[in-house]
Chemist: 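Sharing a structure, written as structure tokens. Questions coming.
Reminder, nothing fancy here: chain letters follow the sequence lines and each chain counts from 1. Quick caveat, the model's predicted, so the values are computed rather than measured.
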2 protein chains.
Amino acid sequence: MSASGVRARVRAEMTDEIKAVARRHLATDGANLSLRAVARDMGMASSAVYRYFASRDELLTAMIIDAYNSLGEAAEQAAQGAAGKATGKEAGKEAAEQNGKTELDRFLAATHAVREWALADPHQWALIYGSPVPGYQAPQDTIGPATRVILLIADIVKSAYDSGRIAERPPITGQFAEELRVVADNYAAGTPPRAVAAALSAFLHLSGAVSSELFGQLNKSVEEDRRGFFEFQMRGAAFLIGLTDNL
Amino acid sequence: MSASGVRARVRAEMTDEIKAVARRHLATDGANLSLRAVARDMGMASSAVYRYFASRDELLTAMIIDAYNSLGEAAEQAAQGAAGKATGKEAGKEAAEQNGKTELDRFLAATHAVREWALADPHQWALIYGSPVPGYQAPQDTIGPATRVILLIADIVKSAYDSGRIAERPPITGQFAEELRVVADNYAAGTPPRAVAAALSAFLHLSGAVSSELFGQLNKSVEEDRRGFFEFQMRGAAFLIGLTDNL
DNA sequence: GCCATAACGAGAGCAGTGCTCTTGCTTTTT
DNA sequence: AAAAAGCAAGAGCACTGCTCTCGTTATGGC
């Protein structure tokens with residue numbers, strides 16, 4: 001039918017369904033999902049899947065991108081919600097009036113959102129922040145979505161700098177000060193290099209905390225109040241980058 | 001020959017050789033090493049390997065234990081070296097006399113050793129701190145060696161507490177204070193709960209920093225002076241846990 | 001409307017995987 | 001010396017990613 005329509009649409013639907021089934025398999029089988037298994041699951045030959053994804057790696061790449069975006073969106077929404085701009089539901093209560101949430105609040109909201117996203121689907125977290133599969137080389141398409149959450153943190157830090165709600169921290173010393181300036185100008189011109197370093201540092205702390213909890217590094221240690229321990233960690237990170245004065 | 005000797009010895013040699021070959025394969029193929037391939041590599045049938053390791057998982061477990069121990073040893077030696085007890089080589093210079101290295105020095109030495117160990121063999125790091133393989137459940141044998149480096153950090157922190165070279169930090173609040181005490185008494189009686197939390201926190205920061213660098217999370221960001229960035233991170237962690245006063 | 005073209009789905013097939021079982025052989029134990 | 005246990009090899013099963021071929025179906029140009 002309609003000129004450039006049917007074929008393309010069913011194709012898009014197919015790729016989406018494949019990804020959906022694959023995501024379901026991912027939740028049980030982890031990163032070594034079987035292309036044949038997902039093909040079986042949707043009643044088609046394994047070879048037919050190759051019409052939509054050139055290889056298993058390409059399927060994984062697509063899911064990685066989706067995961068990055070999903071995570072980034074979750075973090076952004078949480079940070080936005082904490083900033084006072086409640087999205088829809090609780091709009092009338094005390095949202096728009098009180099916009100005085102600090103950057104610390106936004107940071108904590110975002111990091112908690114990241115953690116909860118990871119807890120809700122550990123395999124998806126492992127897919128993007130776990131050890132990469134051996135032969136796999138992350139293509140260019142992934143680096144965009146990958147930086148979303150780290151850019152969010154950078155934005156929060158930058159906001160703190162702009163509004164002056166940032167604690168004094170010693171300047172960067174060492175040879176990577178200049179390097180940081182390049183990165184800063186690359187991503188968001190005007191962001192002080194110190195803010196970039198802070199964002200990187202905080203993100204690193206965040207990923208370590210989530211991964212350790214998920215992958216069972218701190219096995220029996222913290223069992224009961226993992227959320228509390230995580231918050232403790234993130235407050236430490238926030239202090240280090242100057243988002244708060246009191247540790 | 002000698003009663004209970006030959007068979008057992010060649011068996012031990014065999015398992016060692018298998019692990020050695022597997023380790024070599026790990027460096028190229030990553031975590032999905034092929035049992036058949038290592039069997040081929042040492043000129044024996046794949047089924048023969050099963051005389052020494054009941055399954056591929058068991059082989060991996062053995063290598064994980066080895067990796068944990070190797071990493072732990074590297075960290076311990078570095079910390080020990082930084083504490084003044086130079087092992088052999090530079091014994092006469094100024095080692096035994098000046099034992100005044102601070103806990104910060106030991107901490108930094110240990111963490112750098114961990115990073116360098118990981119850089120030297122990324123796949124081995126991925127094996128123990130990367131995302132676990134789906135079906136794999138870490139057996140009891142691994143949790144001992146696994147805690148070596150974190151116990152080392154705990155020991156450093158405890159030493160700082162004992163000698164009073166620790167900065168004041170606010171007490172633990174929240175419901176996990178009591179839990180920490182249990183953990184502390186479990187691992188090393190007498191260690192203040194705050195020290196346990198500090199060790200966990202620092203380790204978490206450490207693993208996040210190493211993993212992020214290894215797995216290419218901070219892709220182009222920090223490229224030149226990664227060691228400097230790492231040290232920057234670890235000094236931050238040291239400050240958070242009270243090993244130093246100046247950030 | 002016709003027809004070449006391209007996309008599609010299915011099946012067979014290849015090389016490789018983990019793992020089991022059976023079959024001989026050698027070493028150790030009794 | 002006989003019995004038991006350890007060992008290595010091969011065949012085989014079910015599975016994997018991926019390629020190729022072969023009909024079928026929809027799309028776009030004339």
Side-chain angles (χ1 to χ4, degrees), chain A residues 1-19 21-22 24-26 28-64 123 127 132-137 139, chain B residues 1-19 21-22 24-26 28-64 123 127 132-137 139:
Chain A
M1 315 285 175
S2 60
S4 69
V6 174
R7 212 75 191 249
R9 214 197 55 209
V10 308
R11 181 175 177 83
E13 285 173 0
M14 272 301 244
T15 62
D16 278 357
E17 190 178 344
I18 291 177
K19 286 199 289 184
V21 175
R24 235 172 48 215
H25 277 215
L26 198 69
T28 64
D29 299 349
N32 54 0
L33 59 79
S34 157
L35 231 161
R36 293 179 104 114
V38 315
R40 247 193 321 265
D41 234 38
M42 44 195 302
M44 67 196 297
S46 66
S47 56
V49 180
Y50 284 84
R51 297 275 170 202
Y52 302 92
F53 297 95
S55 71
R56 183 174 159 278
D57 272 6
E58 201 174 293
L59 212 193
L60 283 183
T61 297
M63 310 194 61
I64 286 176
H123 291 97
L127 194 62
V133 294
Y136 183 78
Q137 182 67 10
Chain B
M1 317 281 177
S2 61
S4 69
V6 174
R7 211 80 194 243
R9 213 199 56 208
V10 309
R11 181 177 177 83
E13 283 174 0
M14 272 301 244
T15 63
D16 278 357
E17 189 178 345
I18 292 176
K19 285 199 290 184
V21 174
R24 235 172 47 215
H25 277 213
L26 198 71
T28 64
D29 300 347
N32 55 359
L33 59 79
S34 157
L35 232 162
R36 294 179 105 114
V38 315
R40 246 192 322 265
D41 232 39
M42 45 196 300
M44 66 197 296
S46 67
S47 56
V49 180
Y50 284 84
R51 296 271 166 202
Y52 302 92
F53 296 95
S55 71
R56 183 174 159 278
D57 271 8
E58 201 173 294
L59 213 194
L60 282 183
T61 297
M63 310 194 59
I64 285 176
H123 290 98
L127 194 62
V133 295
Y136 182 79
Q137 181 67 9

Chemist: May I ask you to say what B:Phe53 touches in the nucleic acid, namely base, sugar-phosphate or nothing, with a heavy-atom cut-off under 4.0 Å?
Modeler: nothing
Chemist: Report the distance from atom CG of A:Leu59 to atom P of D:dT16, rounded to the nearest whole Å.
Modeler: 14 Å
Chemist: Would you name the heavy atoms of B:Lys19 and B:Ala62 that are closest together and state the gap between them?
Modeler: CD-CB, 3.9 Å
Chemist: Which heavy atom of B:Met63 sits nearest a heavy atom of B:Ala22, and at what distance?
Modeler: SD-CB, 3.5 Å
Chemist: Take atom CE of A:Met42 and atom P of C:dC8, then tell me their distance rounded to the nearest Å.
Modeler: 13 Å
Chemist: Show me the side-chain donor-acceptor pairs of residues 46-55 of chain A shorter than 3.5 Å, one per line, residues at least two apart or across chains.
Modeler:
residue: A:Ser55; atom: OG; partner: A:Asp57; partner atom: N; Å: 3.4
residue: A:Ser55; atom: OG; partner: A:Glu58; partner atom: N; Å: 3.3

Chemist: Rounded to whole angstroms, how far apart are OH on A:Tyr52 and C1' on C:dG9?
Modeler: 8 Å
Chemist: Between P on D:dG17 and CD on A:Glu58, what's the gap in Å once rounded to a whole number?
Modeler: 15 Å
Chemist: Picking from B:Val21, B:Thr28, B:Leu26, B:Leu127, what satisfies side chain to side chain contact (heavy atoms under 4.5 Å, CB included) with B:Leu33?
Modeler: B:Leu26
Chemist: How long is the line joining CZ of B:Arg9 and P of D:dG6, in whole Å?
Modeler: 19 Å
Chemist: CZ/A:Arg11 to CG/A:Asp16 distance, rounded to the nearest 0.5 angstrom?
Modeler: 11.5 Å
Chemist: For the pair made of CZ in A:Arg11 and C1' in D:dT25, what is the distance, rounded to whole Å?
Modeler: 15 Å
Chemist: Output side-chain donor-acceptor pairs under 3.5 Å for residues 34-41 of chain A, partner residues at least two apart or in another chain, one line each.
Modeler:
residue: A:Ser34; atom: OG; partner: A:Arg36; partner atom: N; Å: 3.2
residue: A:Ser34; atom: OG; partner: A:Ala37; partner atom: N; Å: 2.9
residue: A:Asp41; atom: OD2; partner: A:Arg24; partner atom: NH2; Å: 2.8
residue: A:Asp41; atom: OD2; partner: A:His25; partner atom: NE2; Å: 3.2

Chemist: Could you encode protein contacts along nucleotides 14-27 of chain C as a string, one character per nucleotide from 5' to 3', using B for base contact, S for sugar-phosphate-only contact and - for no contact, with a heavy-atom cut-off of under 4.0 Å?
Modeler: ---BBBBB-----S
